[in-house]
Amino acid sequence: MSVKREHWGSRLGFIMATAGSAVGLGNIWKFPYMAGDNGGAAFIIIYLALVFTIGLSVLLAEIMIGRASQSDAVNAFKKLGPSGFSIVGYMGIAAAFMILSFYSVVAGWTIAYIVKFASGSFVGMDAASLGGAFGAFISNPVQPIIYEAIFVAMTVFVVLGGIANGIERAGKILMPILFLILIALVVRAVTLPGAEKGLEFFLAPDFSKLTGSSVMAALGQAFFSLSLGMGAILTYGSYLGKDANIGKSAWQVAFLDTSVAILAGLAIFPAVFAFNMDPGAGPGLTFVTLPAVFDAMPGGLIFGTLFFVLLTIAALTSSISLLEPLVAFFSTKGFSRAQVTMTSGFLAFLLGIPCSMAMGDWGEFKIFGKNFFDLMDFLSSNLILPIGGFLIAIFVGWVITPRALQEVSGTGEPGLLAKLWIFILRFIAPIAIAAILINGLR
Ligand code: TRP
């Protein structure tokens with residue numbers, strides 16, 4: 001097929017869309033509580049070090065493969081090197097469906113919470129009753145699935161618009177809104193009386209809490225947060241033209257992603273401490289502790305609503321990047337964008353139903369000791385993404401190295417940074433990723 005490949009309208013558009021992919025539930029919901037659990041600033045320091053070495057290198061590798069091949073994640077590997085590496089693309093297709101399934105369920109909860117907050121139905125409830133309300137909501141067999149459907153429909157709607165008019169436009173509109181909301185929440189949180197204790201909890205390094213497994217967790221989180229290992233970033237890179245400076249773009253995306261994660265912590269912990277709530281609530285922090293915090297603060301109805309709008313936006317720009325690789329691949333099989341987008345969205349929605357039901361009636365149904373929701377998360381995040389990242393590092397670091405160097409350096413001689421990039425992909429990334437993989441399977 002020789003249809004002309006669609007391209008981003010501008011480099012800024014690519015940055016916004018790619019940062020939109022990276023910035024997601026992982027940054028706002030997961031990163032803060034992981035940092036809180038693992039020694040605060042000590043964890044943040046390790047996380048930063050991993051993001052800007054291994055994470056950034058694999059990110060650039062994916063953008064480079066996409067840009068060089070101008071192809072979807074399966075055909076990119078076939079085009080540039082030995083076709084066996086296209087297994088990365090096929091695994092990526094599976095991972096995209098799996099991540100979309102559970103991600104859309106949680107994103108559906110965030111939409112439901114916008115409605116619940118804005119309508120004032122949480123007013124006057126304490127943390128215990130909010131916990132009960134959350135449990136009752138997610139275990140309901142109907143409501144969360146309706147919200148999941150709404151979220152998938154929103155994702156499909158954006159992807160139907162194509163690259164420049166759909167994904168790029170969504171990124172350029174939504175990412176600035178996301179930043180503004182986040183800044184407003186940070187300002188609100190740090191100006192509450194008693195906020196200092198929260199800042200200290202999040203930012204004072206406690207190296208005694210940092211263990212081998214927290215380093216592993218930091219690397220796994222860096223990977224998931226940068227959307228690596230399944231061809232999402234690769235697919236976005238494939239819509240870049242030859243003249244784009246991809247090294248600079250990769251750096252900017254990693255910087256934006258990390259900034260949002262840290263700002264999310266600064267929006268959450270000062271507020272949690274100001275009202276003497278439990279910062280260690282783990283995954284329940286977002287849907288139970290924070291609503292109680294918002295309830296207690298001046299202007300809480302507005303800030304609480306904004307917080308869940310923030311989460312929904314973050315989730316939407318990420319889920320778009322999970323659907324687009326499917327569209328890019330299946331379009332090469334002769335289907336139209338509209339056909340593939342709607343069919344893939346519908347399949348992902350169906351796969352989300354057992355994820356949602358796992359929170360209630362189907363919770364006892366277990367495979368490998370995990371309910372369906374946890375199974376989808378585990379297979380994608382702990383298995384496919386690290387294997388994909390490992391193979392991408394090997395592919396660029398060992399197999400197509402001359403081409404890779406030429407792609408990042410243009411006509412000039414490869415500089416020191418380019419050589420460092422290859423060194424990391426050759427040795428450091430594969431070893432570190434193999435370690436997360438083995439650790440994650442235990
Ligand atoms: N990065 C997103 C987050 O932090 C999740 C995500 C979107 C993702 N697309 C991905 C993760 C592709 C891995 C691969 O929430």
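Whatever order the structure lists ligands and atoms in, that order sets their numbers, starting from 1. For reference, positions follow the sequence shown, starting with 1. Computed from a prediction, not measured in an experiment: that's the story for all the values here.
At least one donor-acceptor pair under 3.5 Å links the side chain of Asn27 to the backbone N or O of Gly24.
A perpendicular orientation is assigned to the rings of Phe427 and Trp398, their planes being inclined by more than 60° (bins at 30° and 60°).
Residue pairs that meet the salt bridge (Lys or Arg N to Asp or Glu O under 4.0 Å) test with at least one member in residues 25-51, sequence neighbours left out, do not exist here.
Between the CZ atom in Phe201 and the CZ atom in Phe269 there is a gap of 5.0 Å [rounded to 0.5 Å].
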Please tabulate protein-ligand N/O pairs under 3.5 Å for ligand 1, atom names and distances to 0.1 Å.
unit_1: ligand 1; atom_1: 1 (N); unit_2: Ser21; atom_2: O; d: 3.2
unit_1: ligand 1; atom_1: 1 (N); unit_2: Ala22; atom_2: O; d: 3.0
unit_1: ligand 1; atom_1: 1 (N); unit_2: Phe224; atom_2: O; d: 2.9
unit_1: ligand 1; atom_1: 1 (N); unit_2: Ser225; atom_2: O; d: 3.1
unit_1: ligand 1; atom_1: 1 (N); unit_2: Ser227; atom_2: OG; d: 3.0
unit_1: ligand 1; atom_1: 4 (O); unit_2: Ala22; atom_2: O; d: 3.1
unit_1: ligand 1; atom_1: 4 (O); unit_2: Asn27; atom_2: OD1; d: 3.3
unit_1: ligand 1; atom_1: 9 (N); unit_2: Ser227; atom_2: OG; d: 3.4
unit_1: ligand 1; atom_1: 9 (N); unit_2: Ser321; atom_2: OG; d: 3.2
unit_1: ligand 1; atom_1: 15 (O); unit_2: Leu25; atom_2: N; d: 3.1
unit_1: ligand 1; atom_1: 15 (O); unit_2: Gly26; atom_2: N; d: 2.8
unit_1: ligand 1; atom_1: 15 (O); unit_2: Tyr103; atom_2: OH; d: 2.6

Side-chain donor-acceptor distances from residues 11-18 under 3.5 Å, at least two apart:
unit_1: Arg11; atom_1: NH1; unit_2: Ser249; atom_2: OG; d: 2.8
unit_1: Arg11; atom_1: NH1; unit_2: Gln252; atom_2: OE1; d: 3.3
unit_1: Arg11; atom_1: NH2; unit_2: Gln252; atom_2: OE1; d: 3.3
unit_1: Thr18; atom_1: OG1; unit_2: Phe14; atom_2: O; d: 2.7

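Legend: residues meeting ring pair (Phe, Tyr, Trp, His ring centres under 6.0 Å) with Phe43, ordered by chain and number and at least two apart, are absent.
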